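First the structure, in the form of structure tokens, and then the observations on it.
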Amino acid sequence: MTEPSPPPAAPIADRYEPAAVEARWYPEWERRGYFRAEPDHPGPPYCIVIPPPNVTGSLHLGHALVNTLQDILIRAKRMDGYNTLWVPGTDHASIAVHVILERQLEAEGKTRQDLGREAFLERAWRWKEESGGTIIRQLRRLGASCDWTRERFTMDAGLSRAVREAFVRLYDEGLIYQGDYIVNWCPRCQTVLADLEVEREERDADFVYIKYGPLTLGTVRPETKLGDTGLAVHPGDPRYTQYVGRTLRIPSVNGEIDIQVVADEAVDPDFGTGVIKVTPGHDPTDFEIGRRHNLPVRTVIGFDGRMTALAGTYAGLDRFECRKRIVEDMQALGLIDRIEPYRHAVGLCYRCKTVVEPLVSKQWYVNVKPLAEVAIAAVREDRIRILPRSWSKTYFHWMENIRPWCISRQLWWGHRIPVWYCDADGSVHVSRTDLAACPKCSGPVRQDPDVLDTWFSSGLWPFSTLGWPDDTPELRTYYPTSVLVTGYDILFFWVARMAMLGLHLMKEVPFRDVYIHTLVRDPQGQKMSKSKGNVIDPLGVMERFGTDAFRFTLAILAVPGVHDIRIADERVEAHRNFANKLWNAARLVLSNLDGYERGGDVGPAGLPGRWIESRLQATMTSVRDGLDAYRFSDAAAAIYQFLWNDFCDWYLEIAKVSLYHAADPAERNRVQHALVTVLERTLRLLHPFMPFITEELWQRLPHEGASIMVAPYPKAAAPPDAAAEREMGLLMETITAIRNIRGEMRLSPAQTLTVTVKAAAGDDALLRAHGALVETLARARVTTDPRATRPRASALGVVGRSEIYVELEGLVDLAAERQRLEKEIRRTTEAIAFTRGKLSRPDFTERAPAEIVDKEREKLAEQEALHAKLVASLSWVG
RNA sequence: GGGCGGAUAGCUCAGUUGGGAGAGCGCAGCCCUUACAAGGCUGAAGUCGCAGGUUCGAGCCCUGCUCCGCCCACCA
């Protein structure tokens with residue numbers, strides 16, 4: 001174990017400067033191997049696989065959030081003694097890479113076809129080597145404690161082997177098959193898209209009513225008219241029964257055509273004219289209708305988005321150009337009945353936003369239905385917990401209505417489909433290894449030119465990264481992984497596929513928990529996008545406010561829920577201030593440690609010491625409970641409140657009394673001990689959230705061990721000290737009451753007040769014992785006397801059954817006190833009326849639980865007592 | 001078309017078994033009190049979207065409505 005860095009001798013700056021601290025500690029942790037995990041390390045395994053960011057990516061707020069949350073969990077578990085592994089890596093993102101590279105090529109006036117497959121792939125790899133590391137470097141900047149020695153890439157040799165293994169097994173089981181169906185085709189990307197990869201967008205269009213002989217029907221895509229092979233009506237539609245089964249000869253743009261009329265349930269008789277044209281080649285519904293009625297597929301739009309030879313005079317025209325032209329032509333021929341405006345959803349390619357064209361083509365599919373059933377059961381039986389629970393419903397809905405998954409893509413960057421065709425004997429071979437010749441006839445073979453959907457390989461991620469298909473120690477130790485942290489946007493794309501593939505290939509769930517976090521939006525609630533120019537760069541935020549402040553902000557925003565969170569500078573700034581507060585609190589402690597002997601017997605703690613200890617214990621419990629339930633916000637807020645409100649605002653102020661004016665050296669030593677031990681544990685508790693500043697300060701404080709990263713995670717060891725909390729509460733209320741009068745009376749903080757406390761019986765001893773504390777924190781001379789009489793010209797404060805008199809003689813006009821009292825009286829009068837009203841209703845006193853009624857009675861008694869005191873005081877004032 | 005969620009202080013949002021509403025920021029007043037002005041103390045501010053219902057009691061449970069947001073979907 002490397003020795004810890006000695007605390008710098010130089011005095012500590014009065015502001016926390018994150019940059020140097022962050023730059024120093026991350027490489028040091030990595031160098032010491034704290035991020036590394038091994039199956040034979042001690043402790044129960046705890047494993048997270050990172051949602052692999054696209055190699056194309058650079059860190060955005062979504063990455064920052066998901067990886068901060070994972071790092072918080074991982075760091076806490078590592079400190080807590082788990083054998084902790086966080087597997088990092090990146091995804092090859094076929095289509096995203098294609099979009100980027102093809103844009104580059106376009107700028108050079110080239111297409112990928114000009115380049116050819118080999119050269120394109122070479123370029124893609126080069127690009128990956130150059131730019132693919134960006135996001136990984138940025139994750140380090142975020143403090144992510146991934147085991148970088150285990151970094152994976154979906155196109156690594158190992159993972160590619162896993163992809164082939166999965167494909168071959170599923171094929172052998174008959175779950176992967178090839179078929180001709182209508183697909184979503186992106187004419188720009190030149191590839192098929194899965195249904196999930198098609199986005200919908202509302203657009204205005206012309207609803208064109210075309211005359212088909214005796215019939216009229218409406219369409220928004222008149223150009224597909226050229227591919228019509230039928231007309232369809234609802235079987236029960238009396239208007240059209242006479243036409244069903246007939247073949248009509250009707251005039252059209254390219255002369256007369258024969259067209260068959262069929263009856264099909266899919267037609268909605270109430271929409272439009274109740275007649276639809278059937279274009280099996282260019283519409284999913286029509287494709288199904290065509291299949292049912294044996295209507296031929298007539299492809300008039302090609303893969304390039306231009307009209308085919310079958311479009312006759314329109315051949316070669318762009319599909320949208322053709323739409324305009326054909327309407328003009330039909331108008332000239334009198335074939336158009338009317339045109340109405342219409343708003344409807346069009347399908348867009350999720351990567352390049354090109355309008356998707358439905359086309360018939362041969363693709364590879366996975367029959368996911370049987371896999372989905374198993375994956376549904378896993379969630380139903382709680383073997384996978386989806387949190388927040390409400391997401392299960394979405395998961396079930398999608399899984400229960402799942403359709404075959406189209407896994408082939410007409411792209412080059414990705415895992416090439418491991419299928420070889422022999423043209424000589426027509427055989428098809430699926431193989432784990434590359435084939436050079438046909439196993440049957442030894443003739444030449446050609447491999448399927450397509451690659452697999454990117455999500456096919458990411459669906460294997462939780463086990464492919466651990467060595468599958470080999471039976472590795474990693475796989476045995478860390479699978480199933482403990483939790484998957486991700487956003488709801490990839491619940492179907494990724495989480496569902498991992499659940500299905502993991503359960504099928506590993507016979508075991510890929511993760512126990514799935515924590516679905518919300519997405520991050522800009523301060524106006526807008527989705528961040530480059531085109532809107534509202535993208536907040538996490539690196540810039542970290543630069544300005546520090547990584548710890550940024551992480552803490554993300555954690556405290558991470559409320560379990562379903563609506564998105566917004567991030568604004570002010571939030572991060574507030575937590576930058578929190579870091580600074582912590583820094584200065586530590587500075588105060590550190591500058592008062594002279595003479596402190598660690599490990600010595602300091603004797604029993606005083607009341608404030610017991611109190612802060614009790615608060616700390618409660619905080620530890622809150623933080624652990626929060627983390628266990630993925631309530632990051634609760635956990636972070638608990639530390640924030642403890643550190644700022646309890647520790648800084650109260651305990652440090654109290655401690656100063658002993659530090660600066662210690663009654664005896666033992667007392668000073670006791671306080672030093674409390675300061676050190678409380679702060680040291682608080683730093684450990686906070687470390688997963690704010691790793692850098694906590695390490696820096698921890699190293700400077702007396703501590704055990706080489707690094708806070710590998711120090712134990714604090715755990716509550718004692719129940720709350722109820723007596724200490726109650727007694728300190730009374731003292732704090734007393735101090736607040738005096739301060740309150742000072743504030744309301746506009747008395748200068750510099751003015752030492754003269755205060756008499758008429759202590760109630762039970763509180764007398766306590767107030768006397770800690771009179772000095774009250775005097776210092778309230779800046780007052782305090783006389784405690786159960787039989788005190790009220791001095792003339794004084795303000796009244798009430799704490800419990802004790803009364804506090806603050807002398808105002810010569811300080812302020814009594815009118816101010818009168819005003820203050822009147823306000824208080826109005827308040828209590830209202831409160832009493834409310835409580836009395838409640839208690840006067842028999843139904844309440846008879847039907848509410850006795851303890852509730854008693855509480856109300858006590859409350860009323862208190863309110864009335866306070867009221868009486870205030871009223872008496874009012875007449876007393878004048 | 002189906003489903004889900006939201007509406008709480010000027011702003012952004014918490015509020016987990018239903019017992020007279022909280023935080024951060026902002027605002028007002030007083031303070032450079034030897035850790036911190038990126039700070040301290042004090043204070044003002046809410047008919048918890050609207051209308052009903054259940055209950056002794058509703059921000060919380062039920063119904064309806066209004067206004068937002070998201071997801072899914074083969075009405076051309």
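Here the structure is a predicted model, which means the values were calculated and not measured. A note on names: the letters A, B, ... follow the listed sequences, proteins ahead of strands, and every chain is numbered from 1.
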Give the nucleotide from the list [options] with an atom nearest to the side chain of [X].
| X | options | result |
| --- | --- | --- |
| Ala574(A) | G20(B), C25(B), C75(B) | C25(B) |
| Ala848(A) | U16(B), C56(B), C25(B) | C56(B) |
| Phe844(A) | G40(B), G3(B), G19(B) | G19(B) |
| Val559(A) | C36(B), G15(B), G20(B) | G15(B) |
| Thr835(A) | G20(B), G39(B), C41(B) | G20(B) |
| Asn580(A) | C36(B), C72(B), G40(B) | C36(B) |
| Glu570(A) | C72(B), C25(B), A38(B) | C25(B) |
| Tyr342(A) | C36(B), A76(B), C41(B) | A76(B) |
| Thr219(A) | A76(B), A35(B), C31(B) | A76(B) |
| Arg200(A) | C36(B), G19(B), C74(B) | C74(B) |

Reckon [X] touches a base, only the sugar-phosphate, or nothing at all at heavy-atom distances under 4.0 Å?
| X | value |
| --- | --- |
| Ala637(A) | nothing |
| Arg221(A) | nothing |
| Pro842(A) | nothing |
| Phe287(A) | nothing |
| Gln863(A) | base |
| Trp644(A) | sugar-phosphate |
| Asp649(A) | sugar-phosphate |
| Arg827(A) | sugar-phosphate |
| Thr736(A) | sugar-phosphate |
| Leu491(A) | nothing |
| Glu846(A) | nothing |

Using the [atom1] atom as the point on both nucleotides, what is the distance between [M] and [N], in whole Å?
| N | M | atom1 | value |
| --- | --- | --- | --- |
| U12(B) | G3(B) | P | 30 Å |
| G53(B) | G18(B) | C1' | 15 Å |
| C68(B) | G46(B) | P | 27 Å |
| C27(B) | A35(B) | P | 27 Å |
| G39(B) | G24(B) | P | 12 Å |
| C56(B) | C71(B) | C1' | 42 Å |
| U17(B) | G26(B) | P | 31 Å |
| G69(B) | C60(B) | P | 24 Å |

[X] and [Y]: side chain donor to acceptor below 3.5 Å:
| X | Y | result |
| --- | --- | --- |
| Lys277(A) | Thr224(A) | yes |
| Asp195(A) | Asn184(A) | yes |
| Thr279(A) | Asp228(A) | yes |
| Thr835(A) | Glu856(A) | no |
| His234(A) | Asp268(A) | no |

Send over the distance from [X] [atom1] to [N] [atom2], rounded to a whole Å.
| X | N | atom1 | atom2 | answer |
| --- | --- | --- | --- | --- |
| Ile556(A) | C25(B) | CD1 | C1' | 13 Å |
| Trp391(A) | G3(B) | CH2 | P | 17 Å |
| Arg576(A) | C36(B) | CZ | P | 16 Å |
| Ile852(A) | G57(B) | CD1 | P | 14 Å |
| Asn184(A) | A73(B) | CG | P | 10 Å |
| Asp843(A) | U54(B) | CG | P | 14 Å |
| Leu839(A) | G57(B) | CG | P | 15 Å |
| Leu593(A) | A35(B) | CG | P | 14 Å |

Short side-chain N/O contact to [N] OP1/OP2 from [X], under 4.0 Å:
| X | N | answer |
| --- | --- | --- |
| Arg847(A) | C56(B) | yes |
| Asn740(A) | C41(B) | no |
| Arg739(A) | C31(B) | no |
| Asn584(A) | G39(B) | no |
| Arg403(A) | C72(B) | no |
| Tyr16(A) | G39(B) | no |

Using the closest heavy atom to pick a nucleotide of RNA chain B for each, name whichever of Arg15(A) or Arg746(A) lands nearer the 5' end. Arg746(A)
Toward the 5' end of RNA chain B, by each residue's nearest nucleotide, Lys277(A) or Lys656(A):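 Closer to the 5' end of RNA chain B: Lys656(A).
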Is the distance from the ring center of Tyr515(A) to that of Phe632(A) below 6.0 Å? yes
I want to know whether Phe550(A) and Phe545(A) have ring centres closer than 6.0 Å.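 That pair fails the under 6.0 Å test.
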Any donor-acceptor pair under 3.5 Å between the side chain of [X] and the base of [N]?
| X | N | value |
| --- | --- | --- |
| Lys393(A) | C4(B) | no |
| Lys859(A) | G20(B) | yes |
| Thr394(A) | G3(B) | no |
| Glu744(A) | A44(B) | no |

Report the relative orientation of the aromatic rings in His575(A) and Tyr640(A); use parallel for angles under 30°, tilted for 30 to 60°, perpendicular for over 60°.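 Rings of His575(A) and Tyr640(A): perpendicular, as their planes differ by over 60°.
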On the six-membered ring of Tyr212(A), is Lys225(A) placed so that its NZ or CZ lies under 6.0 angstrom from the centre and within 45° of the ring axis? yes
Partners passing side-chain contact (heavy atoms from CB on, under 4.5 Å) against Val220(A) (at least two apart in sequence or in another chain):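 Ala205(A), Phe207(A), Tyr342(A), His344(A).
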Considering Watson-Crick and G-U wobble pairs with both distances under 3.5 Å, what does C4(B) pair with? G69(B)
Complementary nucleotide for U63(B) - Watson-Crick or wobble, under 3.5 Å: A51(B)
